[in-house]
**Student:** 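Take a look at the following structure, please.
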Amino acid sequence: MWRNLAIVTALAGSSISALAATPVDGRMERARAEVRAQQQERIDALAKRGRLSSYQQLQSTGKVSAKSAVDSEQADADSRDAAINLAALGFTSADVATYRERQIDIFDMTHRLFKGKTSPAEQMLLADTVVVAKAGKVEDNKTRIDGFLSSIPFTVVRSIKGSRAAGDTIYLARESGKAADGSYVDVSSDIAVTPGKTYLLVVSKNRYEQIVAQNKKQAEVGFNALLFLAYEITANGALLPGPRPTLFGESPKDVKTAENDLAKLSKGKSKNGGT
């Protein structure tokens with residue numbers, strides 16, 4: 001499940017970088033076999049979601065930079081990982097071509113996303129939904145079918161990117177909550193928000209659906225999503241540093257700056273990519 005953008009294994013589904021630290025012997029091959037098996041599980045989830053052909057086309061479309069790879073096999077694994085994640089986030093080979101014309105490499109961008117090395121604008125581009133929304137109270141009083149234990153409902157005030165409109169509800173899925181045995185699970189990477197306050201949310205419904213499929217669960221009814229970024233918005237529109245600030249690059253100073261940064265990066269983007 002989703003923990004934190006800084007935790008590569010939770011987001012990418014495998015720790016490709018671990019290969020570089022494994023000695024060139026049987027242990028390296030075992031590590032590589034484990035990575036391939038984990039990637040296959042994620043590919044199977046893409047097939048379940050009807051995204052297999054998108055992944056196959058993406059795999060033949062581009063590669064990530066090989067600068068950090070120790071050999072060609074790791075470079076191939078990194079590129080396969082990026083193709084899986086692009087397909088999981090809703091992108092297609094047409095999106096890759098559109099961005100490539102503008103000298104933007106979304107293969108590398110996606111590879112960096114799951115290492116916590118993308119800017120706020122890049123994360124907004126890779127997310128399918130960016131909204132200004134008001135937080136509700138944590139809902140942890142029901143049994144969920146998606147594997148998560150609770151959610152936070154947010155009422156959309158204004159949509160910046162995606163299909164949500166003012167008045168719609170977005171449920172931010174959380175790993176914290178009441179377990180089946182009655183105990184309470186507290187996951188530190190889950191954000192805490194104040195009901196009634198307004199936030200800038202950068203979230204991915206596609207990411208949520210991918211994790212649910214990988215865990216062989218069923219998606220909840222309603223618009224459920226997983227979090228990339230979250231900033232509290234002050235009365236004058238300024239963004240406070242949290243509850244989930246960026247790990248890389250400079251945070252936008254206000255909502256308008258965030259909108260402008262996204263617009264600059266997204267100009268000319270295929271209308272279907274990332275949705």
**Student:** With a 3.5 Å distance limit and no angle check, can you tell me whether Q38 reaches the backbone of V35 through a side-chain donor-acceptor pair?
**Tutor:** no

**Student:** Under 4.0 Å between a side-chain nitrogen and a carboxylate oxygen: does that hold for R30 and E34?
**Tutor:** no

**Student:** To the nearest 0.5 Å, tell me how far I106 CD1 sits from L86 CG.
**Tutor:** 5.0 Å

**Student:** Pair Q56, T61 - check side chain to side chain contact (heavy atoms under 4.5 Å, CB included), show working.
**Tutor:** CA-CA 9 Å; Q56 292 169 336; T61 298; over 6 Å; no

**Student:** Main chain of A258, side chain of D261: is a donor-acceptor contact present, judged purely on distance under 3.5 Å?
**Tutor:** no

**Student:** So, is the end of the K63 side chain (NZ or CZ) under 6.0 Å from the ring centre of F107 and within 45° of the ring's axis?
**Tutor:** no

**Student:** Check this for me: Y171, atom OH, are more than 12 non-hydrogen atoms of other residues, nucleotides or ligands nearer than 6.0 Å?
**Tutor:** no

**Student:** Please enumerate all residues that pass side chain to side chain contact (heavy atoms under 4.5 Å, CB included) together with A45, with sequence neighbours excluded.
**Tutor:** Q210, A213, Q214

**Student:** Begin with the C-alpha distance, continue with both residues' side-chain angles, and end with the deciding distance and a verdict on side chain to side chain contact (heavy atoms under 4.5 Å, CB included) for D78 and Q74.
**Tutor:** CA-CA 6 Å; D78 287 346; Q74 186 190 332; 3.7 Å; yes

**Student:** Can you find a heavy atom in the side chain of R207 that is under 4.5 Å from one in the side chain of L89?
**Tutor:** yes

**Student:** Using only heavy-atom distances, determine whether the side chains of N85 and R80 contain a donor-acceptor pair under 3.5 Å.
**Tutor:** no

**Student:** Hydrogens and angles aside, do D254 and T257 bring a side-chain donor and acceptor to less than 3.5 Å of each other?
**Tutor:** yes

**Student:** Which pair of non-hydrogen atoms, one from F228 and one from Q123, has the smallest distance, and what is that distance?
**Tutor:** CD2-O, 3.6 Å

**Student:** Please identify each residue that fulfils side chain to side chain donor-acceptor pair (under 3.5 Å) with N236, with sequence neighbours left out.
**Tutor:** T234

**Student:** Closest approach of L229 and P120, non-hydrogen atoms and distance?
**Tutor:** CD1-CA, 3.7 Å

**Student:** Quick one: closest heavy-atom pair of V185 and A179, and the distance?
**Tutor:** CG2-CB, 4.0 Å

**Student:** Minimum heavy-atom separation for A219 to V212, with atom names?
**Tutor:** N-CG1, 3.6 Å

**Student:** Please go through L46's hydrophobic cluster and name the other residues, only I, L, V, M, F, W, Y counting, with side-chain heavy atoms under 4.5 Å joining them.
**Tutor:** I43, L52, Y55, I84

**Student:** Is there a side-chain contact between M109 and I104, using heavy atoms and a 4.5 Å cut-off?
**Tutor:** yes

**Student:** Which atom pair, heavy atoms only, marks the closest approach of R36 to E73?
**Tutor:** NH1-OE2, 3.0 Å

**Student:** Under the criterion side chain to side chain contact (heavy atoms under 4.5 Å, CB included), I'd like the reasoning laid out for V132 against V156: C-alpha separation, chi angles, the key distance, then a yes or no.
**Tutor:** CA-CA 6 Å; V132 173; V156 176; over 6 Å; no

**Student:** If you look at every heavy atom in A225 and K205, which pair is closest and at what distance?
**Tutor:** CB-N, 3.8 Å

**Student:** With rounding to the nearest 0.5 angstrom, report the CG to CD distance, D76 to Q59.
**Tutor:** 9.0 Å

**Student:** Can you tell me how far the NE2 atom of H111 sits from the CG atom of D105, to the nearest 0.5 Å?
**Tutor:** 11.0 Å

**Student:** Applying side chain to side chain donor-acceptor pair (under 3.5 Å), can you list everything that pairs with T110, at least two apart in sequence or on another chain?
**Tutor:** none

**Student:** Evaluate whether atom CD of Q40 has more than 12 neighbouring non-hydrogen atoms of other residues, nucleotides or ligands under 6.0 angstrom away.
**Tutor:** yes

**Student:** Checking side chain to side chain contact (heavy atoms under 4.5 Å, CB included) against L227, which of I152, V202, D190, V203 comes through?
**Tutor:** V203

**Student:** Would a distance-only check, ignoring hydrogens and angles, find a side-chain to backbone donor-acceptor pair under 3.5 Å from T246 to G249?
**Tutor:** no

**Student:** Do L247 and K117 have side chains that get closer than 4.5 Å, going by heavy atoms?
**Tutor:** no

**Student:** Assess whether a salt bridge exists between E209 and K48, defined as any Lys/Arg side-chain N lying under 4.0 Å from an Asp/Glu carboxylate O.
**Tutor:** no

**Student:** Can you see whether D81 engages Q39 through a side-chain donor-acceptor pair at a distance of less than 3.5 angstrom?
**Tutor:** yes

**Student:** Would L240 and Y231 count as a side chain to side chain contact (heavy atoms under 4.5 Å, CB included) here? Give the steps.
**Tutor:** CA-CA 6 Å; L240 298 180; Y231 297 98; over 6 Å; no

**Student:** If you measure only the distance, is there a donor-acceptor pair under 3.5 Å linking the side chains of T92 and D95?
**Tutor:** yes

**Student:** Treat each ILVMFWY residue as a node, draw an edge where side-chain heavy atoms are under 4.5 Å apart, and state whether V157 and V255 are in one component.
**Tutor:** yes

**Student:** How many angstroms lie between OG in S204 and CG in L226, if you round to the nearest 0.5 Å?
**Tutor:** 7.0 Å

**Student:** With rounding to the nearest 0.5 Å, note down the distance linking CG in D140 to NZ in K137.
**Tutor:** 12.0 Å

**Student:** State yes or no: do F248 and L113 share one hydrophobic cluster built from I, L, V, M, F, W and Y residues joined by side-chain heavy-atom distances below 4.5 Å, directly or via other members?
**Tutor:** no

**Student:** Could you check if a side-chain atom of F223 sits within less than 4.5 angstrom of a side-chain atom of R164, using non-hydrogen atoms only?
**Tutor:** yes

**Student:** Tell me whether E259 is salt-bridged to K161, with the criterion being a basic N under 4.0 Å from an acidic carboxylate O.
**Tutor:** no

**Student:** Atom CD of residue position E139 - does it have more than 12 heavy atoms of other residues, nucleotides or ligands inside 6.0 Å?
**Tutor:** yes

**Student:** Pairing donors with acceptors under 3.5 angstrom, does anything connect the side chains of S150 and R174?
**Tutor:** yes

**Student:** Can you list, pair by pair, the side-chain donor-acceptor contacts under 3.5 Å of residues 193-200, counting residues two or more places apart and other chains?
**Tutor:**
unit_1 : atom_1 : unit_2 : atom_2 : d
K197   : NZ     : E232   : OE2    : 3.3
Y199   : OH     : T194   : N      : 2.8

**Student:** Can you run down the salt bridge (charged side-chain N to carboxylate O under 4.0 Å, His left out) pairs that involve residues 211-223, sequence neighbours left out, and say none if there aren't any?
**Tutor:** K142-E220

**Student:** Is the shortest heavy-atom distance from the side chain of V131 to the side chain of S159 under 4.5 Å?
**Tutor:** yes

**Student:** Does the side chain of N206 come within less than 4.5 Å of R51's, by heavy atoms?
**Tutor:** yes

**Student:** Less than 4.5 Å apart, side chain to side chain, heavy atoms only: is that true for F91 and V96?
**Tutor:** no

**Student:** Which distance, rounded to the nearest 0.5 Å, do you find between the OG of S189 and the CZ of R244?
**Tutor:** 6.5 Å

